[in-house]
There are 4 protein chains.
Amino acid sequence: MKNTLSRRERVKLANRKAILSAAEEVFAQKGFYAATTDEIAERAEFSKGALYTYFRSKEEIFLSLMREKVGSLEKKIKESIKVTLNPIEGIENLIKAHLEFFEENKEFFQIMASERGRFEMGIKNRLRRELMRRFQSYLKEVEGVMKAAVDNKELKAIDPNHLAIALIGMIHSFTAQWILTGGESSLMELSPVITMLFFGGAKG
Amino acid sequence: MKNTLSRRERVKLANRKAILSAAEEVFAQKGFYAATTDEIAERAEFSKGALYTYFRSKEEIFLSLMREKVGSLEKKIKESIKVTLNPIEGIENLIKAHLEFFEENKEFFQIMASERGRFEMGIKNRLRRELMRRFQSYLKEVEGVMKAAVDNKELKAIDPNHLAIALIGMIHSFTAQWILTGGESSLMELSPVITMLFFGGAKG
Amino acid sequence: MKNTLSRRERVKLANRKAILSAAEEVFAQKGFYAATTDEIAERAEFSKGALYTYFRSKEEIFLSLMREKVGSLEKKIKESIKVTLNPIEGIENLIKAHLEFFEENKEFFQIMASERGRFEMGIKNRLRRELMRRFQSYLKEVEGVMKAAVDNKELKAIDPNHLAIALIGMIHSFTAQWILTGGESSLMELSPVITMLFFGGAKG
Amino acid sequence: MKNTLSRRERVKLANRKAILSAAEEVFAQKGFYAATTDEIAERAEFSKGALYTYFRSKEEIFLSLMREKVGSLEKKIKESIKVTLNPIEGIENLIKAHLEFFEENKEFFQIMASERGRFEMGIKNRLRRELMRRFQSYLKEVEGVMKAAVDNKELKAIDPNHLAIALIGMIHSFTAQWILTGGESSLMELSPVITMLFFGGAKG
DNA sequence: CATGAATGAGGATTCATTCAT
DNA sequence: GATGAATGAATCCTCATTCAT
């Protein structure tokens with residue numbers, strides 16, 4: 001997979017990753033603005049200047065990070081759905097995939113939750129546009145499964161968009177609360193509750 | 001209630017409100033950091049210096065604003081519940097109350113959505129602590145109704161905390177999407193869908 | 001002339017002048033790039049931040065300075081010519097005016113001499129364009145007198161543009177040398193030599 | 001003369017020249033400060049590190065370049081004079097030699113014109129001192145011819161220093177203007193005008 | 001009280017120079 | 001010797017906060 005890269009290139013790639021990883025922590029804790037290049041560099045154990053060997057600007061670090069993460073999320077979601085042809089099972093998998101991903105990417109979740117509303121700003125930026133697009137595409141994916149399930153009469157005849165919004169809202173809400181209360185126990189454990197509530201509702 | 005205030009005091013209060021109102025717009029658009037006192041002052045039609053007559057710092061403007069808004073939300077929620085003794089109806093009212101509030105307080109919603117994760121930062125701050133407390137208290141309120149409904153066997157025997165998280169997640173998600181897509185049509189119209197999904201689930 | 005300005009406005013104007021004056025010294029000594037905003041601020045006895053109350057950027061300080069100076073030079077040259085209708089006398093006056101101006105504006109001369117070649121860079125800039133234009137207009141002014149004298153048959157039938165270039169070259173050269181050797185004695189004293197050489201040439 | 005150099009030494013010398021040549025272009029376009037070692041290295045088709053094998057610092061590149069060029073100019077001027085024993089003819093040759101040199105060394109002219117005023121800075125520097133010395137020596141050379149011509153009564157009894165300043169000023173001015181207007185036609189063509197104006201003056 | 005100019009700490013970014021490979 | 005990534009000092013600019021008027 002990566003055996004055509006020279007040693008130097010492999011080092012560069014690893015350094016890039018280290019910077020992104022450090023940035024992820026800092027952005028999660030402080031948000032885009034309050035995060036400083038100083039802190040990112042320090043946490044990545046690089047000089048401040050080195051960041052600029054790998055990225056053009058602080059914004060580019062941020063957007064690259066988001067792009068990679070949103071990309072992984074999107075991929076994971078797609079895969080979780082494709083495993084089965086049964087829409088209901090697909091949605092169950094999708095819930096699990098989400099929780100698994102957020103459990104492994106707490107920091108990304110925090111960043112996304114707080115910065116998403118501002119992705120639209122500075123729309124001229126190529127990376128920002130791409131990010132928006134990827135995010136939309138991830139939402140459409142979820143909507144797609146919903147539609148399939150509705151068409152199959154396995155779900156009520158509700159606008160698939162609304163179904164997607166509802167499910168994602170629940171997932172995000174549980175994840176946020178899990179992080180707020182320390183993120184100790186496994187987030188995955190909540191999968192049955194969410195599944196049950198989404199499909200069967202709360203009424204007894 | 002406030003008719004014992006001197007003219008001067010009434011003016012001060014009005015000015016405070018004007019500043020908070022201006023701040024709300026700016027914080028919503030730009031977030032806490034990117035918002036500048038310059039812009040807040042300008043939009044409030046005050047000098048930059050005047051802000052500091054009414055508030056100790058930019059942070060205090062922010063926190064005061066949030067406190068007032070979270071306070072109103074909390075109050076509104078409490079009232080929506082008290083109207084009825086029937087828990088199910090209470091939850092329906094609570095959904096409507098939320099949507100109504102967010103429809104009237106789009107800016108606040110945006111701010112809350114993006115800054116909530118960082119309320120905990122700098123916890124020594126009196127205002128921050130109070131804000132956290134108020135926010136928790138609002139959540140407890142929702143949880144309370146859920147518990148009543150569960151006890152009444154009107155809802156499934158699920159941890160009321162989970163029920164609250166699920167419902168709030170759905171509400172926030174719909175609100176966020178509504179804002180993202182322009183916030184034109186009435187958010188209130190979504191109340192039936194949310195109610196139906198929360199109580200009855202998605203399964204057909 | 002300035003009696004319609006409020007006190008505050010007069011202070012602002014004076015501060016602006018103080019900054020420009022400090023900048024003039026620093027730019028003359030170090031050139032545009034090596035000059036630092038720190039040093040300009042310090043020499044103007046202002047904080048670094050204050051510069052930005054009066055100017056948008058270091059470049060704007062530089063260009064504003066140049067604009068004012070080139071403007072004064074242009075004005076002085078025009079006036080020196082208009083005094084008389086006799087072209088020869090006009091040129092004599094023009095030489096004197098130049099020397100007088102450069103003697104009083106040593107720093108400006110140094111800046112102009114070294115930065116002129118790069119005025120063209122970044123041509124999108126409004127101020128830069130204006131500066132170029134002003135500079136051209138000053139050259140045209142000199143050319144104009146030359147043409148008048150040629151038309152009058154008081155000067156040889158040489159391209160007035162060449163005459164202007166030659167005279168200005170001599171003036172600049174003498175000024176540069178005068179500054180290089182300390183600028184002690186009066187530059188004005190060189191007026192007769194320049195006049196003589198320009199009109200009569202070196203041949204004995 | 002240089003046939004005793006080993007291959008290695010010849011390569012080093014060639015590399016040095018390539019770097020200086022690249023530096024000349026960059027310094028001419030951007031000036032000393034705005035020129036970056038990155039760009040010089042790139043244009044010389046060397047790595048940035050290689051520059052430091054051949055030169056101790058960016059400043060040394062600059063000064064070495066100037067030294068070589070000023071040296072060539074000086075040499076060319078000396079030769080142009082020595083050809084003849086007739087001072088008038090010597091000056092004519094000198095004008096032509098200047099124009100020829102600047103036509104072939106546009107970049108150097110631009111650099112010299114804008115950086116000369118700052119050669120004095122950091123006078124402790126050995127290279128800087130040498131450069132100043134060489135420049136003075138070039139001026140003295142011109143002054144020498146003038147003195148000879150004055151002694152010969154072929155030129156008016158004017159301080160030879162002034163005569164040198166005047167002539168050089170004219171030459172520089174014409175060169176600068178030629179470059180500013182694109183440097184298309186031959187600069188050499190201006191030789192007769194300069195000669196005529198210098199010797200005979202402008203008066204008709 | 002209101003004003004808005006002044007302050008200065010802080011932050012992103014650049015770039016000459018060094019040095020491990 | 002050559003390379004180019006890493007360094008970190010230096011620099012421009014921003015903006016919350018203060019304070020004289």
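Lettering of chains follows the sequences in order, A, B, ..., and the numbering in each one begins at 1.
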key: 5'-most by nearest nucleotide on DNA chain F - B:Arg56 or C:Arg8   =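 The residue whose closest nucleotide sits nearer the 5' end is B:Arg56.
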
task = Take C:Phe32 and A:Ala50, find for each the nucleotide of DNA chain F with the closest heavy atom, and name the residue whose nucleotide sits nearer the 5' end.
result = A:Ala50

task = Using the side-chain contact (heavy atoms from CB on, under 4.5 Å) rule, take B:Asn105 and B:Glu24 through it: C-alpha gap first, then chi angles, then the decisive distance, then the call.
result = CA-CA 9 Å; B:Asn105 291 279; B:Glu24 191 178 354; 4.2 Å; yes

query = Do the charged groups of B:Glu39 and B:Lys30 touch, with an N to O distance under 4.0 Å?
reply = yes

inquiry  = Please determine whether a side-chain nitrogen of the Lys or Arg among D:Glu42 and D:Lys48 lies less than 4.0 Å from a carboxylate oxygen of the Asp or Glu.
reply    = no

key: Each stem that DNA chain E is part of, given as range with range (3 or more consecutive Watson-Crick or G-U pairs, under 3.5 Å)   = E:2-21 with F:2-21

Hey, does [X] reach any base, or is it just sugar-phosphate, or nothing, if we go heavy atoms under 4.0 Å?
X       : answer
D:Phe55 : nothing
A:Tyr33 : nothing
A:Ala34 : nothing

Rounded to the nearest Å, what distance is computed from the [atom1] atom of residue [X] to the [atom2] atom of nucleotide [N]?
X       : N      : atom1 : atom2 : answer
A:Phe62 : E:dA12 : CZ    : C1'   : 17 Å
D:Ile19 : F:dA2  : CD1   : C1'   : 11 Å
A:Glu9  : F:dA5  : CD    : C1'   : 14 Å
D:Lys12 : F:dA2  : NZ    : C1'   : 13 Å
D:Leu51 : E:dC15 : CG    : C1'   : 13 Å

Of the candidate nucleotides [options], which contains the atom at the shortest distance from the side chain of [X]?
X       : options              : answer
D:Ser47 : F:dT7, F:dT17, F:dT3 : F:dT3
A:Phe46 : E:dT17, F:dA2, F:dA6 : F:dA6
B:Tyr52 : F:dT7, F:dA2, F:dT18 : F:dT18
B:Lys48 : E:dT13, F:dT3, E:dA6 : E:dA6
A:Tyr54 : E:dT7, F:dA5, F:dT7  : F:dA5

request  = Of all the heavy-atom pairs spanning B:Lys69 and B:Phe108, show the shortest one and how long it is.
outcome  =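 Result for this residue pair: CB-CD1, 3.3 Å.
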
Heavy-atom pair with the smallest gap, counting every atom of B:Leu20 and B:Ile61 =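 Smallest interatomic distance, heavy atoms only, reads CD2-O, 3.6 Å.
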
query = On the ring face of B:Phe32, is B:Lys58 found with NZ or CZ under 6.0 Å from the centre and within 45° of the axis?
reply =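 The answer is yes; both the distance and angle limits are met.
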
key: B:Asn15 vs E:dC1: side-chain N/O to OP1/OP2 distance below 4.0 Å   =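 So the side chain of B:Asn15 is outside the cut-off, no N or O lying under 4.0 Å from OP1 or OP2 of E:dC1.
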
request  = Check for a donor-acceptor pair, side chain of B:Ser21 on one end and backbone N or O of B:Ala18 on the other, with a separation under 3.5 Å.
outcome  = no

inquiry  = Taking B:Leu65's backbone N and O only, do any of them form a donor-acceptor pair with B:Glu68's side chain (distance below 3.5 Å, no angle check)?
reply    = no

request  = For the pair A:Phe27 and A:Phe62, name the ring-plane relationship: parallel under 30°, tilted 30 to 60°, perpendicular over 60°.
outcome  =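 Perpendicular: the ring planes of A:Phe27 and A:Phe62 meet at over 60°.
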
task = Return yes if a side-chain donor-acceptor contact under 3.5 Å exists between C:Ser57 and C:Glu60, otherwise no.
result = no

query = Going by modelled atom types, is there a donor-acceptor pair between the base of F:dT11 and the side chain of C:Lys58 at under 3.5 Å?
reply =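 A donor-acceptor contact between them is absent.
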
ask   = Between residues 36-45 of chain A and DNA chain E, which residues have a heavy-atom gap below 4.0 Å?
value =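 Only A:Thr36, A:Thr37 qualify.
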
